[in-house]
Amino acid sequence: MPKTTRPNNTASPANGDLTAGREATTRRRFMSTGAALTAGVAATSAARPIRGAEPAESVSHSPNSHIRLALIGAGGRGSGAINDSLSINENVSLAAIADLEGDKLGKICESLAKRHGDKVSVASDKMYGGIDAYKRILDDPEIDVVLFATPPGFRPQYVTEAVDAGKHVFAEKPTCVDPAGYRVCVEAHEKAVANKTSIVTGTQYRRQTNYVEAIKRLHDGAIGDIISATARYCSNGIWNKTRKEGMSDTEYQIYNWMHFIWLSGDQIAEQAVHNIDAINWIMGGPPESAYGSGGRFTRPEGSEMWDSMSIDYLYPGNRTVSFKCRQIPNAQSDNSNVIYGSKGICTIYGLNRGAEIRDKDGNEVWSMKGDIGAAYKQEHKDLVDSVRSGKPIVEFKETADSSLTAVLGRMAAYTGKLVTWDFAVNESTLSLFPENLDMNASLPEPAYAIPGKTKLV
């Protein structure tokens with residue numbers, strides 16, 4: 001793969017029109033192409049609030065029926081997801097596993113079995129590796145629930161095929177990285193509702209007790225009318241993998257997927273979507289438009305990612321949310337949401353820091369601790385409970401809305417244009433997934449966006 005020649009710490013990009021260049025050479029063919037790849041994972045209790053469309057009845061298992069799980073994408077986040085499901089659910093088992101790197105699956109299952117015993121019962125012929133590994137799981141009639149933790153770029157197609165196969169689904173966030181993928185997600189959501197199969201997503205803050213209670217209070221008027229908000233996902237660096245000798249372009253980009261926009265969607269989609277999802281939840285839906293900026297100062301050579309973005313989202317009712325994300329080593333971290341109302345301020349912190357509400361004089365009127373570990377597990381309990389009850393949870397569109405909100409901000413920052421929700425949903429032709437993807441194929445030279453040069457499509 002050709003390398004860029006930009007010095008590692010310059011602020012001004014030296015090459016590439018990322019959006020326009022990829023748009024000219026790629027189109028998504030989710031339902032017709034057989035070139036989908038199973039790859040490594042994407043980076044990363046109280047009663048659940050009702051989310052998404054949930055049909056009243058479905059073909060149900062008995063309350064104590066055994067549920068067979070399968071994992072597709074067996075890296076760090078995938079291993080974490082299956083561990084959470086096995087930890088919180090009774091009478092379930094991991095029955096199949098798939099990853100592009102099939103030779104690592106035996107060790108992963110051994111490690112899980114040490115923790116969960118006979119809940120891990122993956123026969124050697126149920127460990128699938130390679131380009132079509134995920135299809136083997138979807139074709140298995142014994143599998144009830146499929147957990148997807150592959151790079152986000154694959155999510156729309158994989159979930160669609162799982163719904164078509166009649167599987168219940170756990171899908172990690174984000175659910176799409178471009179408008180074309182968003183439309184596929186909406187169709188998959190509607191199919192799941194019709195099929196009465198569940199889709200639960202990895203937006204764990206929706207099940208974290210301090211988030212649930214704080215946002216209930218906001219909706220009940222605890223700080224009066226919501227006027228504006230700030231949201232931050234500012235962290236330090238992110239991993240980067242060196243290309244191994246003999247790797248094709250496709251193999252390397254999937255191996256180092258975070259740094260390629262067709263796979264990760266950049267930080268704003270892959271990581272910061274958690275805070276964007278919380279803001280959409282608070283505001284009652286997605287924004288009307290986005291206007292923003294950002295850049296790259298510390299990314300490694302060959303990475304397509306920016307390392308900082310600042311977006312102004314305009315929500316209905318003329319409410320502005322100032323959103324910022326960055327991954328810059330040694331910079332100050334912040335992972336919080338601050339909501340300003342006519343009668344007070346609510347701050348909801350990330351991870352385990354909790355939430356608080358203060359009146360206009362700064363006096364605390366409510367606070368609650370956070371427990372993100374319990375939230376990670378709760379999403380998997382809700383999924384299995386919905387399968388057994390025959391009342392499926394279908395929340396794919398909701399998370400797709402938040403994923404597209406992140407994409408909307410990225411499109412605005414990358415192009416230097418104001419971008420509306422209506423344009424992204426109904427007009428944009430942006431489709432980043434390579435056409436007829438082949439493991440041995442060459443891909444376009446990595447390129448990062450330049451505002452004013454990168455086109456809005």
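When a residue number appears, it is its place in the shown sequence, counting from 1.
Scanning both residues, P329 and T298, for their nearest heavy atoms gives CD-OG1, 3.8 Å. Summarising the geometry of A192 relative to I199, their closest heavy-atom pair is CB-CD1, 3.6 Å, with the distance given to 0.1 Å. Here the closest heavy-atom approach between residue I137 and residue K167 is recorded as O-CE, 4.0 Å.
In terms of modelled atom types and a separation under 3.5 Å, the side chain of E304 and the main chain of I261 share a donor-acceptor contact. Side-chain atoms of R299 never come within 3.5 Å of backbone atoms of H259 as a donor-acceptor pair (strictly under, hydrogens ignored). Without hydrogens or angle criteria, R115 side chain to L86 main chain gives no donor-acceptor distance under 3.5 Å. In this structure a side-chain-to-backbone donor-acceptor pair under 3.5 Å is missing from N275 to Y233. Looking at D144, its side chain does come within 3.5 Å of a backbone N or O of R68 through a donor-acceptor pair. Counting only distance, with no hydrogens or angles, the side chain of E172 and the backbone of P152 share no donor-acceptor pair below 3.5 Å. Between the side chain of Y211 and the backbone N or O of Y349, at least one donor-acceptor pair lies under 3.5 Å. Y313 contributes a side-chain N or O that, together with a main-chain N or O of T405, makes up a donor-acceptor pair within less than 3.5 Å. In this structure, S428 contributes its side chain and V457 its backbone to a donor-acceptor pair below 3.5 Å. A donor-acceptor contact shorter than 3.5 Å links the side chain of T250 to the backbone of D438.
Electrostatic pairing of K244 and E101 does not count as a salt bridge here, judged by no charged N lying under 4.0 Å from a carboxylate O. Comment: D140 engages K126 in a salt bridge, judged by a side-chain N to carboxylate O separation of less than 4.0 angstrom. Look at D249 and R243 and you find a salt bridge, because one of the NZ, NE, NH1 or NH2 atoms lies within 4.0 Å of a carboxylate O, short of that distance. The pair K377-D84 meets the salt-bridge criterion, since a charged nitrogen lies less than 4.0 angstrom from a carboxylate oxygen. Salt-bridge check for D99 with K104: passed, with a basic side-chain N closer than 4.0 Å to an acidic carboxylate O. Salt-bridge check for R136 with D132: failed, with every basic side-chain N at 4.0 Å or more from each acidic carboxylate O. Remark: R206 does not engage E379 in a salt bridge, criterion side-chain N to carboxylate O under 4.0 Å.
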Point to revise | ring-ring contact (aromatic ring centres under 6.0 Å, His included) between F433 and F154, worked out | key: CA-CA 8 Å; F433 201 93; F154 296 99; 5.5 Å; yes
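In this structure, N256 CG and W239 CH2 are separated by 5.5 Å, a value rounded to the nearest 0.5 Å.
A donor-acceptor pair shorter than 3.5 Å cannot be found between the side chains of T420 and D422.
Taking the side chain as every heavy atom from C-beta outward, E395 and V200 approach each other to under 4.5 Å. Proximity of N280 to P286: side-chain heavy atoms (C-beta onward) are separated by under 4.5 Å at one or more points. Contact annotation: the side chain of S386 never approaches that of H168 to less than 4.5 Å [non-hydrogen atoms, C-beta and beyond]. Under the 4.5 Å side-chain criterion, counting only non-hydrogen atoms from C-beta, I67 is not in contact with N89. Between I97 and C109, some side-chain heavy-atom pair lies under the 4.5 Å cut-off.
For D125, the CG atom is densely surrounded, since the number of other residues' heavy atoms within 6.0 Å is greater than 12.
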